[in-house]
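The figures here come from the full heavy-atom set of this structure, side chains too, leaving out hydrogens, waters and symmetry mates. Not measured: the values here are computed from a predicted model.
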Amino acid sequence: MSRIGKRPITIPAKVQVTIDGAKIAVKGPKGELSRDLPTNVIVSQEGEILTVARKDDSRTSRQMHGLSRTLVANMVEGVSQGFQRRLEIQGVGYRAQVQGRNLVLNMGYSHQVQIEPPEGIQFAVENNTNVIVSGYDKEIVGNTAAKIRAVRPPEPYKGKGIRYAGEVVRRKAGKTGGKGKK
């Protein structure tokens, strides 16, 4: 049995869960999410506890068991608390700012890069170099943070670029500057 799949999910106060066959909808103070789960997984609610079980012991059912439980748990956590990803900008002259809802990045290009947030995503900037992407859908928060990082990924020689908070960039040695052979 899946160790992750058999763990129950506790539903916090102010969160409503609606189960309609293979479709599950979760509504909370941060927003509303719904998802179609695989047919070989059964979600049941008993009071304030959700449990995810599989219909049979086939290979696909076992594969989907833990995944479905994690997806439902992320939905419940997202509408109650929300998710956030932090990004750090390193490099001389590199900075970020929020204009309206959009994120404007000055990353050494000849133009500013504007990123428009998807529905349910908010941007915040601290000290012009720390970007916070927050929202209630973990998947969209992660994808948006990845798109921001892709504007200027950290390079291995000087470490300049956009990186996730806590990300370690392996540095390479530059040229040694010695004379070549004749």
Treating Ile, Leu, Val, Met, Phe, Trp and Tyr as nodes and any side-chain heavy-atom pair under 4.5 angstrom as an edge, say whether [X] and [Y] lie in one connected cluster.
X	Y	answer
V52	I42	no
V72	F83	no
M75	L67	yes

Search all heavy atoms of [X] against all heavy atoms of [Y] and return the closest pair with its distance.
X	Y	result
Y157	A173	CE2-O, 3.9 Å
I89	Y94	CG2-CB, 3.4 Å
E155	V169	O-CG1, 4.1 Å
A53	H65	CA-NE2, 3.8 Å
A146	Y164	CA-OH, 3.5 Å
T51	P8	CG2-CB, 4.4 Å

Does the pair V131 and I162 meet the rule for a side chain to side chain contact (heavy atoms under 4.5 Å, CB included), with working shown? CA-CA 9 Å; V131 179; I162 304 173; over 6 Å; no
For residues 10-32, which side-chain donor-acceptor pairs fall under 3.5 Å, sequence neighbours excluded?
none

In residues 103-121, what donor-acceptor pairs under 3.5 Å come from side-chain atoms, sequence neighbours left out?
unit_1, atom_1, unit_2, atom_2, d
N106, OD1, Q112, NE2, 3.2
Y109, OH, V151, O, 2.7

Might you work through the side chain to side chain contact (heavy atoms under 4.5 Å, CB included) test for M64 and R54, ending with a clear yes or no? CA-CA 8 Å; M64 294 295 149; R54 54 182 184 237; over 6 Å; no
Side-chain donor-acceptor contacts of residues 133-142 below 3.5 Å, not counting sequence neighbours, with atom names and distances?
unit_1, atom_1, unit_2, atom_2, d
D137, OD1, E139, N, 3.3
E139, OE1, R35, NH2, 3.4

Just to verify, what does P156 make a side chain to side chain contact (heavy atoms under 4.5 Å, CB included) with, not counting sequence neighbours? K172
Donor-acceptor check, side chain of Q45 to backbone of G47, threshold 3.5 angstrom: yes or no?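 Yes, the answer is positive, given that a donor and an acceptor are paired below the 3.5 Å cut-off.
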For [X], all residues meeting side-chain hydrogen bond (donor to acceptor under 3.5 Å, both in side chains), sequence neighbours excluded:
X	value
T39	none
D56	S58, S61
Q90	R163

Reported CZ-to-CG distance for the pair R85 and N143, which is rounded to 0.5 angstrom: 10.5 Å
Can you pull out every side-chain hydrogen bond (donor to acceptor under 3.5 Å, both in side chains) where at least one residue sits in residues 66-84? Sequence neighbours excluded, please.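 Every pair satisfying side-chain hydrogen bond (donor to acceptor under 3.5 Å, both in side chains) with a residue in residues 66-84: there are none.
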Enumerate the residue pairs fulfilling salt bridge (Lys or Arg N to Asp or Glu O under 4.0 Å) with a member in residues 121-134, sequence neighbours excluded, ordered by first and then second residue.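 Every salt bridge (Lys or Arg N to Asp or Glu O under 4.0 Å) pair that includes a residue of residues 121-134, provided the two are not neighbours, is R86-E126.
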Using the salt bridge (Lys or Arg N to Asp or Glu O under 4.0 Å) criterion, which residues pair with E167? Sequence neighbours excluded.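 Per chain and number, E167 pairs via salt bridge (Lys or Arg N to Asp or Glu O under 4.0 Å) with R149.
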